[in-house]
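In what follows, chains carry the letters A, B, and so on, assigned in the order in which the sequence lines appear, proteins first and then strands, with residues in each chain numbered from 1. Remember, it's a predicted structure, so these values are computed and weren't measured experimentally.
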Protein chains: 2
Amino acid sequence: MALPFKKRVLIVEDDQEIRNSFSLIVNSSQKFMVVNSYGNCEDAIENINKDKPEIILMDIELPGMNGIQGTKIIKEKSPHTDIIMVTVYEDSELVFEALKAGASGYITKSANYMELLSALDEIVKGGAPMSSRIARMVIDNFHVNPNSPLTKRETEILQLISEGKTYTQISEELFISKETAKTHIKNIYSKLQVNSKSEAIAKANLEKLI
Amino acid sequence: MALPFKKRVLIVEDDQEIRNSFSLIVNSSQKFMVVNSYGNCEDAIENINKDKPEIILMDIELPGMNGIQGTKIIKEKSPHTDIIMVTVYEDSELVFEALKAGASGYITKSANYMELLSALDEIVKGGAPMSSRIARMVIDNFHVNPNSPLTKRETEILQLISEGKTYTQISEELFISKETAKTHIKNIYSKLQVNSKSEAIAKANLEKLI
DNA sequence: CCGCTAATCACGCAAGAAGTGGTATTAAAT
DNA sequence: ATTTAATACCACTTCTTGCGTGATTAGCGG
C-alpha cells in the first residue's frame with residue numbers, strides 16, 4: 001500500500017488514555033495515520049484547516065463545547081471531513097442529535113482494535129459504520145405506524161397538509177370540494193386532538209402517521 | 001445447535017431460480033429454515049398466519065402487489081415479523097419507501113452466500129442489515145444543512161413552528177412580543193419563499209433546515 | 001470607529017385562510 | 001340493518017398573512 005496516501009485521521013477525546021490507545025490502533029494500520037489529537041473541540045476547530053483531517057473520531061462528552069456542537073461547526077468549516085462519533089452512550093436522543101449535526105458513523109468506546117479499523121474502512125468506502133443497535137434505531141425511526149387512527153383519505157390529506165398545501169389546493173388536487181376537504185381536516189383534528197395544521201403535522205411526525 | 005429452534009424464514013420472490021438458490025442457502029444454515037416461498041405478496045399475506053415466519057426475504061418488483069405495499073400489509077398482520085428487502089435497485093426513493101413501509105433491512109440480489117446469512121444473523125441479533133451505500137443514504141438523510149440561510153433565532157422559531165406552536169405560544173416561549181415573533185416569521189417566509197407555516201415546515205424538512 | 005447584521009419591538013388595516021359547529025347524502029362494508 | 005368513509009354545504013369567528021413603516025440595541029469585522 002502506498003504510504004503517501006494514508007488517510008488523515010484526527011482524534012478529539014478528553015481521556016488521555018483512550019486518545020493514546022486509539023492513536024496506536026489507527027497508526028498501526030497501513031491505510032490510516034493520526035494527524036493530530038485534541039482534548040477538546042475548540043482546539044480541533046481552530047486547527048482544522050492546518051490538520052486537514054479526512055476523518056475525525058469525535059467524543060461526545062468533552063470539556064467546553066460538546067462533540068455534537070463541535071460536529072456542526074466542523075462540518076460547516078470542512079464539509080468533506082467525515083466524522084465518527086465515539087461514545088459510551090447509545091441513547092437515542094444523542095444518536096439522532098449527532099446524526100443531525102453531521103456525523104456519518106457512531107461507534108462505542110468499547111470498540112476494539114478490529115471494530116475501530118473496520119469503522120474507518122467503512123467510512124472510506126462511503127458507508128456509515130454503526131453498531132447493530134444504532135442501525136436498528138435509525139431504521140425504526142423511518143417506520144410508519146401501521147395502526148393509524150386515520151382513514152386512507154384522511155392520511156392522504158394529512159400528507160398534503162404536511163406538504164404545505166392550502167384547503168383550496170388540497171380540494172383541487174383530490175378533485176373534491178373545499179368543504180369536503182375541510183370536513184376531512186376537522187375529522188383529522190378531532191382524531192389527533194389538535195387544532196391547527198402545524199400541530200397536526202407535528203403530531204403526525206411524532207406518531208409516524210405519514 | 002438445537003434444531004427445533006431454527007428461525008422460520010419466508011421467501012417472496014417471483015424469479016424461480018433466485019427463490020431456489022436463496023432457499024438452498026438459508027436451509028444450509030443450522031440457524032434458519034425456509035418455511036415457505038411464494039412468487040407474489042398476495043399468497044404470502046394469505047398464508048402468513050399459517051407460515052408464521054420470523055423473517056421474510058422480500059423482493060420489491062413482483063407481479064401484482066409490489067413488495068413495499070406487501071410489507072405494509074404484512075407488518076399490520078404480523079408486526080413482529082422482520083422483513084428484509086432483497087432487490088436489484090439501490091434507488092433512494094425505493095429505499096425510503098421500503099423503510100417507511102416497515103422493512104428492517106435492505107440488501108441486493110447480488111448478495112452471496114455469506115452476505116445473505118450474515119444479514120439474517122444481523123436481524124436476529126436486533127440489527128438492521130444494509131449495504132454500505134444504503135447505510136450512508138439513510139444517515140445522510142438525517143444531516144441538517146449547515147448552510148441554512150436562516151439566522152439562529154429564525155431557526156429557533158422555525159423549530160417551534162414545526163412543533164405546531166402559534167404566534168402567541170412562540171412569543172411566550174421565547175420571552176418576546178407577539179409582534180416580534182411575527183416579524184421573524186415574515187423574514188423566514190421571505191427567505192424560504194413560502195407564505196404559510198405549513199409550507200415553511202415542508203420546505204424546512206425538504207432542505208433539512210431543522 | 002463605522003457600517004452591517006441580527007434581534008428586538010410596534011402599529012394598522014385589508015383580504016384571505018383557517019377553524020368551529022352544525023347538518024346531510026351516498027356507497028360500501030360489516 | 002348499522003356503521004364507517006367519503007362527500008358536500010352553510011354560517012360564523014378567529015387567526016394568519018401581506019404590505020408598509022419605523023426604531024432601538026448589541027455585537028462583529030474591517
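Minimum heavy-atom separation, Lys100(B) to Ile210(A): CE-C, 4.4 Å. The two residues Val12(B) and Leu62(B) make their nearest non-hydrogen contact at CG1-CD1, 3.8 Å.
Between the side chains of Tyr38(B) and Asp14(B), no donor-acceptor pair of N or O atoms lies under 3.5 Å. Counted by atom type alone, Ser177(B) and Thr180(B) present one or more donor-acceptor pairs between their side chains at under 3.5 Å. Side-chain contact check for Gln169(B) and Glu173(B): no donor-acceptor pair (N or O, by modelled atom type) lies under 3.5 Å. In the model, Ser131(B) has a side-chain atom that pairs as donor or acceptor with a side-chain atom of Glu90(B) under 3.5 Å.
Of the residues in residues 147-157 of chain B, those lying under 4.0 Å from DNA chain C by heavy-atom distance are Thr151(B), Lys152(B), Arg153(B).
Nucleotides of DNA chain D that come within less than 4.0 Å of any heavy atom of chain A span, from the 5' end to the 3' end, dA5(D) to dA11(D).
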Checklist outcome for this item: Letter by letter from the 5' end, nucleotides 9-25 of chain C scores (B base, S sugar-phosphate only, - none; protein heavy atoms under 4.0 Å) BBB------SBBBB---

For a quick test of your reading: what N or O donor-acceptor pairs under 3.5 Å do the side chains of residues 197-205 of chain B make, sequence neighbours left out?
residue   : atom : partner   : partner atom : Å
Lys197(B) : NZ   : Lys165(B) : O            : 3.2
Glu199(B) : OE1  : Asn195(B) : N            : 3.3
Lys203(B) : NZ   : Leu192(B) : O            : 3.3
Asn205(B) : ND2  : Ile201(B) : O            : 3.2

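Using the six-membered ring where Trp is involved, Phe142(A) and Phe142(B) have ring planes that are perpendicular, over 60° apart on the 30 and 60° scheme.
For residues 68-82 of chain A, the side-chain hydrogen bond (donor to acceptor under 3.5 Å, both in side chains) pairs, not counting sequence neighbours, are Ser78(A)-Thr81(A).
Between Asp51(A) and Arg8(A) there is no salt bridge, since no side-chain nitrogen of the basic residue lies less than 4.0 Å from a carboxylate oxygen of the acidic one. Using a cut-off of 4.0 Å between Lys/Arg side-chain N and Asp/Glu carboxylate O, Lys109(A) and Glu13(A) are scored as salt-bridged.
Between the axis at the start and the axis at the end of the helix from dC1(C)-dG30(D) to dT30(C)-dA1(D) there is an angle of 70°, using five pairs per end and rounding to 10 degrees.
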Checklist entry - Which is it for Ile48(B) and Ile56(B) under the side chain to side chain contact (heavy atoms under 4.5 Å, CB included) test, yes or no, and what are the steps along the way? => result CA-CA 10 Å; Ile48(B) 192 82; Ile56(B) 299 177; 4.0 Å; yes

